[in-house]
Amino acid sequence: MQQPSVQPELVFGARLWAMTPREAGDPDLATRYRLYAALRVPVLRLAAMGQGQRVVQAARQEAMHRQHVEQALLLREVGTCYVALRAAREATPAHAALCDVRRRQLEVARARLLGGLGTAAEVARAEQQLRAAELVLQEALRSARTAEARLEALSGLALSGVTLLPLPDAACPSAETAAQRAAAQRPEVLLHLAESERHRAQARLAWRDALDVSLVFSASHGTTAWLDELNGLSAQLEVRGALDAPLRAQRQMARDLSAARAATLEAEAAAEQAAHEARLACDAHQRALDQVAVQQAQLEYARREHERLRGRRALVTPGAESVVDMPQLLEAEAAQRDAEARLVEARGQAELAQLAVLLAQGEDLTRTSAPRERGGLPTAANQTSPPEAAPVHPASLSRPEAPPTRGLWVWQTQHILQDQDGPAALRAFVGQHRLTEVYLSTSRAVLAHPRLEALLSALHQDGIRVEALLGEPTWYLEERRAEPLRRIAELVRWNQQHPTARFDGIHLDIEPHQLPDNKGPDNLAFLPGLIATLQEAQRAAQAAGLTLAADLPRKILRAEPTQGAALASACQRLFLMLYEMPRAADIAAAARLALRWGAGVVIGLRPRDHEGRLDELLVALQTSLAQERGYLGWALHDYDAYRKR
């Protein structure tokens, strides 16, 4: 028995027949042998190779999303411990200050009792307040120790001498937006979708195990003359299969399709659950922010009352009771310290609620850029440094900071797909230059090309992020704003039809400055319309779980700070086309102007502007801007120019 192979197989063999005593005297039968060679080509199995690759790819996606589910659980634990440790550390000084005030209150109450000005009830009340404050302080210290031990066990870092940075400020989306994001990008949903795709791909291969059709080319030579062992060349068609094979194949296909439908229903249920959790998380986050506002108001009132009582110092006559020992003043100070501690706790709850919103939406917290301040992560050399010397960002506790962007514009996507060797050449070029992203020009003809899915799958297998590149100079106009939204909707439908080979984001190259009406170094009349277009595009992209990037000219740096902030809010990643700037210092200075807006900035360069010193320039830019918060990396324009340099 042989296991049928997907590939053609070549078999060599020989047969030798032993002579019987009766045949030994016949000279014609003195030697009986047969030499043969056969090439077997499994036609149906070769035809099924493409579909088999779909099964493998779907299984790979399923494994990746299963890993993301486990990672999300770990990040939830890490993030919760991180925020709890930060809140406990910040609350401890406030509780310690409150305990100090309560001790002074107790001393004053005892002094007043000895002087006949107070009562035993006042002393008992002061003692009770001190015990309560000390218990809260001990609980804060215990919570800090527990969270620190848990976080050290999860992250492998020594955190005793490390300052923990707060979570990055991020506006919480509306409940419906969060629900849409959760339904589109939660790993639990994507896991079930990948499982459904795998079962459907397997259903299409059920016939492969039921029937085997092969072409056999053989050659034989020997001294026997049996009809089934004729000498010479021969070809034959072999069809193998059990009598009940079609029935078994049909049943297997039905089982696979049933499993696919079940996985699809589970994905829908998971999407509904994820959307519900996202809505609840947004509501909880809003309540936490409202509570922070309430505590801030209470703290402000307590401070004003404390200041008012301290202002009574001038009213105290010599020989009267000292203002410092006034019970009313101490009570006001205690109220202020208590309000400070409550505000810290409320902010901690708000951070926990913000973390819950991010996790409910399925956001990848490990991609959050971590600001670096004077030392970065703790190492063997700085773990004993003072706390302010080694700040840590929550994202850095789960994995090292993501590598900088190394992008490439590709405007010739249709020609690449039409060329038989085009996709392989692009993939080899990207791997040779260690790029991390490509921006593929995406027309309707490109989306309809049969090789596009294979190209995206190959790039994703290499760990390359792929964005759909599109744009027209007039799209910033209000009357043309519907066109980019229609194009984004087409990309979203394409992603839904190809869940294992989807685009990761939208890359808009609108460039209204190319139009005659917008020429001139100081002419930014197009900017309000461009911001409005980007805002609409960002809402459409985020609803589909996609990121948004936009190409911008250098003169955009002349925008007012408010316009720059609005532009940064309208688009997640800004690509500054800093062409015709030969010096790295000038490019870095221009990038810093955009970084002040709070945007994520990628520097766009042209290889022909730098001739043979491009590599040196890229190293200099990375060295100069690596510590800048918001700097994402660089991208080169474009594929043709870069490979011809």
Worked verdict on Gln420 versus Arg451 for side-chain hydrogen bond (donor to acceptor under 3.5 Å, both in side chains) | CA-CA 10 Å; Gln420 183 70 25; Arg451 292 182 184 169; 2.6 Å; yes

Derivation and outcome, side chain to side chain contact (heavy atoms under 4.5 Å, CB included), residues Leu435 and Leu636 = CA-CA 10 Å; Leu435 302 176; Leu636 297 178; 5.5 Å; no

Decide side-chain hydrogen bond (donor to acceptor under 3.5 Å, both in side chains) for Arg60 and Ser457; before the verdict, give the C-alpha distance in whole Å, the side-chain angles of both, and the deciding distance to 0.1 Å.
-> CA-CA 11 Å; Arg60 184 181 294 113; Ser457 297; over 6 Å; no

Begin with the C-alpha distance, continue with both residues' side-chain angles, and end with the deciding distance and a verdict on side-chain hydrogen bond (donor to acceptor under 3.5 Å, both in side chains) for Arg255 and Gln252.
-> CA-CA 5 Å; Arg255 285 194 295 268; Gln252 182 61 41; 2.6 Å; yes

Could you walk me through whether Glu197 and Arg200 pass salt bridge (Lys or Arg N to Asp or Glu O under 4.0 Å), step by step?
-> CA-CA 5 Å; Glu197 179 63 22; Arg200 293 185 189 279; 5.5 Å; no

Check against side chain to side chain contact (heavy atoms under 4.5 Å, CB included), Tyr631 and Gln622 | CA-CA 9 Å; Tyr631 172 67; Gln622 185 62 28; 3.5 Å; yes

Decide yes or no on side chain to side chain contact (heavy atoms under 4.5 Å, CB included) for Ile603 and Leu625, but give the supporting numbers first.
-> CA-CA 11 Å; Ile603 297 176; Leu625 296 172; 3.5 Å; yes

Take Glu77 and Leu73 through the side chain to side chain contact (heavy atoms under 4.5 Å, CB included) test and state the conclusion after the steps.
-> CA-CA 6 Å; Glu77 181 72 13; Leu73 295 176; over 6 Å; no

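Rounded to the nearest 0.5 angstrom, Arg486 CZ and Glu490 CD are separated by 8.5 Å. Taken to the nearest 0.5 Å, the CD atom of Gln61 stands 6.0 Å off from the OG1 atom of Thr500. Distance check, rounded to the nearest 0.5 Å: CD of Gln538 to OG1 of Thr547 gives 10.0 Å. Atom CG of residue Leu632 and atom CG of residue Leu574 lie 9.0 Å apart, to the nearest 0.5 angstrom. Atoms CD1 and CG, on Ile510 and Leu477 in that order, are 10.0 Å from each other to the nearest 0.5 Å. Leu190 contributes atom CG, which lies 8.0 Å from atom CD of Gln185 (distance to the nearest 0.5 angstrom).
Side-chain contact between Arg558 and Pro521: present, with at least one pair of heavy atoms (C-beta onward) separated by less than 4.5 Å. The shortest distance between side-chain heavy atoms of Asp504 and Glu437 does not fall below 4.5 Å. A heavy-atom distance below 4.5 Å is not found between the side chains of His449 and Gln414. Pro499 is not listed as a side-chain neighbour of Leu193, based on a closest heavy-atom distance of 4.5 Å or more. By the 4.5 Å heavy-atom criterion applied to side chains, Leu578 and Trp634 are not counted as neighbours. Counting heavy atoms from C-beta on, the side chains of His637 and Trp411 come closer than 4.5 Å. At a threshold of 4.5 Å between non-hydrogen side-chain atoms, the residues Leu576 and Leu557 count as touching. Proximity of Thr442 to Thr413: side-chain heavy atoms (C-beta onward) are nowhere separated by under 4.5 Å.
Using a distance-only test at 3.5 Å, with no hydrogens or angles considered, a donor-acceptor pair links the side chain of Thr623 to the main chain of Val619. Under the 3.5 Å distance criterion, the side-chain polar atoms of Asp509 are left unmatched by any main-chain donor or acceptor of Glu511. A side-chain donor-acceptor contact under 3.5 Å links Gln563 to the backbone of Glu560. Under a 3.5 Å cut-off, the side chain of Asp586 and the backbone N or O of Ala589 do not form any donor-acceptor pair. Under the 3.5 Å distance criterion, the side-chain polar atoms of Thr264 are matched with a main-chain donor or acceptor of Ala260. At least one donor-acceptor pair closer than 3.5 Å links the side chain of Trp494 to the backbone N or O of Leu447. Lys555 contributes no side-chain N or O that, together with a main-chain N or O of Leu524, makes up a donor-acceptor pair within less than 3.5 Å. Side-chain atoms of Asp609 never come within 3.5 Å of backbone atoms of Met581 as a donor-acceptor pair (strictly under, hydrogens ignored). When atom types are taken as modelled, the side chain of Arg596 and the backbone of Pro561 share no donor-acceptor pair closer than 3.5 angstrom. The backbone N or O of Gly633 lies less than 3.5 Å from no partner atom in the side chain of Arg406, so there is not a single donor-acceptor pair.
Between His433 and Phe429, the angle of the ring planes lies from 30° to 60°, which puts this pair in the tilted group. By the 30° and 60° cut-offs, the orientation of the rings of Trp409 relative to His507 is perpendicular. In this structure, Tyr476 and Phe526 have perpendicular ring planes: the angle between them is above 60°, well past the 30° mark.
Of the residues listed (Arg76, Arg181, Arg186), the one engaging Glu277 in a salt bridge (charged side-chain N to carboxylate O under 4.0 Å, His left out) is Arg186, and it is the only one. With Arg502 as reference, Leu546 is the one residue of Leu546, Leu456, Leu491 to meet the side chain to side chain contact (heavy atoms under 4.5 Å, CB included) rule.
Under the 4.0 Å criterion applied to side-chain N and carboxylate O atoms, Arg487 and Glu472 are not assigned as salt-bridge partners. Between Glu478 and Arg481, none of the side-chain N atoms (NZ, or NE/NH1/NH2) sits under 4.0 Å from a carboxylate O, so this pair counts as no salt bridge. In this structure, Glu62 pairs ionically with Arg66, as a charged nitrogen and a carboxylate oxygen lie closer than 4.0 Å. Salt-bridge formation is detected for the pair Glu536/Arg539: a Lys NZ or Arg NE/NH1/NH2 atom is positioned less than 4.0 Å from an Asp or Glu carboxylate oxygen.
Considering all non-hydrogen atoms of both residues, Glu467 and Ile506 come closest at OE1-O, 4.5 Å. Across Ala588 and Leu621, no two heavy atoms sit closer than the pair N-CD2, 4.0 Å. A pairwise comparison of heavy atoms in Gln514 and Lys519 identifies O-CE, 3.5 Å as the closest pair. Listed here is the closest heavy atom pair of Ala178 and Ala278: O-CB, 3.5 Å. Taking each heavy atom of Leu455 and Pro423 in turn, the nearest pair found is CD1-CB, 3.9 Å. Here the closest heavy-atom approach between residue Val410 and residue Leu426 is recorded as CG2-CD1, 4.3 Å.
Both tests pass for Arg643 against the ring of Tyr639: distance under 6.0 Å to the centre and angle within 45° of the axis.
In this structure, Gln418 places its CD atom where more than 12 heavy-atom neighbours from other residues, nucleotides or ligands lie under 6.0 Å away.
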